[in-house]
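These figures come from a predicted structure and were not determined experimentally.
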Amino acid sequence: MSQGNRSKLKLLVVDDEADNLDLLYRTFRRDFQVYRADSALSALETLDQQGEMAVIISDQRMPEMNGTEFLGKTVDRYPDTIRILLTGYTDVEDLVEAINSGQVFKYITKPWQPEELKAVVQQASETYKVIKQRTNELQRALRRELLFNDVMSAIRESLDYRSMLQTIVETMGRTFHASAGILRPVESDRLMPETFSYQALNSETPLYHEDPLLHTVLESRQRQVSLGEEDSNSANRLVLPLLYQKDFLAVLSLYQDNHAAAWSSEDVQLIEGMAEQAALALSQAKLYQRSQEQAQQMRAELEVARQIQTNLLRQSWPEMESAKVQACCYPAREVGGDFFEVYIHAQGDIWVAVGDVSGKGVPAALFMASAISVMRRELSQENTPEPEQVMQNLNSILSEDLVSNNCFITMVLARYTPATKQLVYANAGHIYPLVWSKQAVADKAEIEPNFLKVRGVPLGILPVWKAKAGTLALNPGDIFLLTSDGITEATISEEGSAGSGSNAGSMLQQSGLWELLLAEPAPLDLNNLLARIRDQAVEQEDDQTILSLEVL
């Protein structure tokens with residue numbers, strides 16, 4: 001069949017009268033590929049063999065199956081076909097039903113006028129062309145959408161940057177029937193040496209790792225197409241950049257065996273569209289990788305900071321015959337703003353402190369380090385000032401930085417003198433210290449907690465800190481306890497609340513801490529107490545610090 005004949009639309013004429021078939025064939029053979037059938041059953045066989053027809057002209061009155069029934073059987077299989085019915089009588093109901101059901105485009109009465117029939121068939125063929133054009137456009141759009149979804153779903157399943165590079169070249173190569181493919185990452189407009197490749201099964205297409213077109217695309221930022229020669233082993237090559245905004249991310253090369261049909265312009269446009277979306281996904285993966293690397297670096301740096309902060313807090317102190325001191329601190333993050341201090345003065349005084357810098361994380365940790373440094377300098381003097389004077393000095397030195405950074409420090413500083421059994425303390429807006437008798441608890445006596453309620457404002461609030469110091473005598477067996485609000489404000493779970501007497505999901509508060517202390521077995525172990533609190537807490541929301549001084 002000639003090329004011109006293949007370009008003609010196909011027309012099927014069906015009539016049980018040979019003269020009519022011959023007339024219809026001669027009328028339309030110049031403009032259509034005409035197929036003839038002398039019955040409805042023969043026409044169905046022809047459709048099975050030849051496929052969809054642009055136009056079907058069928059007689060109504062035929063043996064075994066009339067025209068309306070025959071055309072009705074073609075609707076589902078060939079919905080785009082235009083159907084014309086020839087009838088020699090006027091059966092109005094059949095014709096109306098056929099037209100309304102979409103089976104018949106028009107009907108022509110016998111005997112027909114040749115010019116009239118030609119005009120109807122010409123109109124039918126134009127209608128068919130419009131329908132097929134729209135159908136093809138919809139199918140192309142649907143194919144594009146399906147391919148787009150499949151490709152992007154496959155690519156976006158990979159969050160890892162390197163994994164996504166491999167996924168892109170494999171998915172693009174497989175989707176667009178490439179025999180091979182290469183993806184080269186680009187950094188600072190330079191091709192990276194690492195290569196990600198795809199090879200179809202049973203493909204012998206070579207991989208052009210140093211393809212000159214790669215450098216051409218790198219320089220021009222435009223796709224390049226090279227068609228292989230049929231008498232050589234060269235392949236069809238499509239090389240295109242993966243660009244997102246101004247960032248050149250990678251170069252993708254797809255290859256086809258030279259005996260395969262070259263990509264159509266529509267395929268190339270579709271591949272370019274997929275490449276744009278792949279570039280967007282790759283840019284996001286690259287950004288995600290960078291953020292992960294930065295987060296890892298930050299975690300490493302914070303781990304070093306945590307170790308430095310841990311070492312800054314005194315981890316050990318000399319054993320004393322007159323008193324036993326315990327202390328522990330758990331930051332909510334890698335570093336925190338809570339701190340404690342245990343300092344044994346050369347004159348025999350025992351200094352203890354617990355402080356809490358407002359906020360969390362690195363800023364609080366820096367102020368915490370400054371506060372400890374200044375406090376140790378004050379306590380190391382030969383004649384150490386009174387606790388309230390130490391607080392004033394701390395406020396004077398740190399207040400300018402605290403105010404400028406909108407921070408403050410709550411703190412309790414206490415000095416215990418074993419020779420006189422006297423405890424002197426100063427409180428800068430911190431939680432009330434707690435004192436109780438270990439013997440009274442052991443005797444199951446009805447005792448109430450003794451909260452030491454003398455205190456002033458936090459450090460960093462006023463230019464000059466002023467507050468009275470509190471004093472009391474400690475007897476053997478008395479315990480002086482300092483905590484941060486990360487303990488008293490810890491949210492206790494339902495299981496933990498039953499043991500503490502507090503409501504499920506509520507803060508522990510000092511009353512709940514007191515109940516835990518009463519239930520704590522002797523001797524008091526702060527690590528065990530804090531472990532119980534942490535187990536019962538929903539989550540650690542703040543730094544947790546606790547310190548005790550027990551008179552022996």
Side-chain angles (χ1 to χ4, degrees), residues 140 143-200 203 205-228 235-256 260 262-294:
R140 285 195 296 268
R143 174 176 175 266
R144 183 184 181 93
E145 188 69 22
L146 290 175
L147 283 176
F148 178 85
N149 291 336
D150 290 343
V151 171
M152 296 316 300
S153 295
I155 292 174
R156 290 187 180 277
E157 285 178 359
S158 305
L159 283 178
D160 178 70
Y161 174 68
R162 289 176 50 80
S163 174
M164 182 172 287
L165 288 168
Q166 185 63 40
T167 300
I168 288 174
V169 66
E170 288 183 356
T171 304
M172 296 287 281
R174 185 173 56 253
T175 303
F176 295 102
H177 308 292
S179 54
I182 286 179
L183 185 67
R184 292 278 299 273
V186 173
E187 294 286 348
S188 301
D189 289 336
R190 293 173 49 247
L191 284 172
M192 294 292 99
E194 190 171 16
T195 300
F196 299 84
S197 61
Y198 163 78
Q199 192 91 31
S203 171
T205 301
L207 295 175
Y208 301 85
H209 292 281
E210 297 300 330
D211 190 342
L213 288 182
L214 294 175
H215 298 280
T216 302
V217 170
L218 186 63
E219 294 175 2
S220 66
R221 296 193 168 210
Q222 300 293 326
R223 65 173 169 85
Q224 299 292 321
V225 180
S226 175
L227 299 180
N236 299 325
R237 289 176 288 170
L238 173 61
V239 186
L240 60 159
L242 267 62
L243 302 166
Y244 178 67
Q245 295 180 348
K246 295 183 179 180
D247 293 335
F248 203 135
L249 303 174
V251 178
L252 174 65
S253 302
L254 297 178
Y255 309 110
Q256 282 183 321
W263 287 293
S264 66
S265 59
E266 180 185 345
D267 289 334
V268 173
Q269 290 178 0
L270 185 55
I271 293 173
E272 284 187 311
M274 296 300 101
E276 290 177 2
Q277 296 302 315
L280 172 59
L282 189 60
S283 174
Q284 293 173 340
K286 197 172 186 179
L287 181 61
Y288 176 76
Q289 181 189 43
R290 287 175 181 172
S291 65
Q292 291 294 100
E293 292 172 351
Q294 291 172 354

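With hydrogens and angles disregarded, no donor-acceptor distance shorter than 3.5 Å links the side chain of Ser188 to the backbone of Arg190.
Taking the side-chain hydrogen bond (donor to acceptor under 3.5 Å, both in side chains) definition, one finds that Glu276 meets it with nothing, sequence neighbours left out. Every residue meeting the salt bridge (Lys or Arg N to Asp or Glu O under 4.0 Å) condition with Asp267, not counting sequence neighbours, appears here in chain and number order: Arg143. Judged as a side-chain hydrogen bond (donor to acceptor under 3.5 Å, both in side chains), and not counting sequence neighbours, Gln224 has no contacts. Legend: residues meeting side-chain contact (heavy atoms from CB on, under 4.5 Å) with His215, ordered by chain and number and at least two apart, are Leu191, Glu210. Glu194 pairs by the salt bridge (Lys or Arg N to Asp or Glu O under 4.0 Å) definition with Arg162, not counting sequence neighbours. Listed by chain and residue number, nothing satisfies the salt bridge (Lys or Arg N to Asp or Glu O under 4.0 Å) test with Arg290 (two or more places apart in sequence, or in another chain). Glu187 pairs by the salt bridge (Lys or Arg N to Asp or Glu O under 4.0 Å) definition with Lys286, not counting sequence neighbours. Checked against side-chain hydrogen bond (donor to acceptor under 3.5 Å, both in side chains), Gln292 has no partners two or more places apart in sequence or in another chain.
Of all the heavy atoms in Asp189 and Leu218, the pair that sits closest is O-CD2, 3.7 Å. Residues Glu170 and Tyr198 come closest through the heavy atom pair CA-CD1, 3.9 Å. Contact record, Leu214 with Arg184: CD1-NH1, 4.0 Å, taken as the closest heavy-atom pair. A pairwise comparison of heavy atoms in Pro185 and Tyr161 identifies CB-OH, 4.0 Å as the closest pair.
By the 4.5 Å heavy-atom criterion applied to side chains, Asp211 and Arg237 are counted as neighbours. Here the side chains of Arg223 and Val239 are not in contact, with every heavy-atom distance at 4.5 Å or above. Residues Leu238 and Ile271 have side chains in contact (heavy-atom distance under 4.5 Å, counting atoms from C-beta outward).
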Derivation and outcome, side-chain contact (heavy atoms from CB on, under 4.5 Å), residues Gln284 and Leu280: CA-CA 6 Å; Gln284 293 173 340; Leu280 172 59; 3.9 Å; yes

Less than 3.5 Å apart, which donor and acceptor atoms pair up between the side chains of residues 241-255 and the rest of the protein, not counting sequence neighbours?
none

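Taking OG1 of Thr167 as the reference point, atom CG of Leu183 lies at 10.5 Å (rounded to 0.5 Å). The OG atom of Ser179 lies 7.0 Å from the CD atom of Gln199; values are rounded to the nearest 0.5 Å. Atoms OH and OG, on Tyr288 and Ser283 in that order, are 15.0 Å from each other to the nearest 0.5 Å. Within the model, atoms CZ of Phe176 and CD of Gln256 stand 11.5 Å from one another, a figure rounded to the nearest 0.5 Å. Expressed to the nearest 0.5 Å, how far CD of Gln289 lies from CE of Met164 amounts to 11.0 Å. In this structure, OG1 on Thr171 lies 9.5 Å from CD on Gln166, to the nearest 0.5 angstrom.
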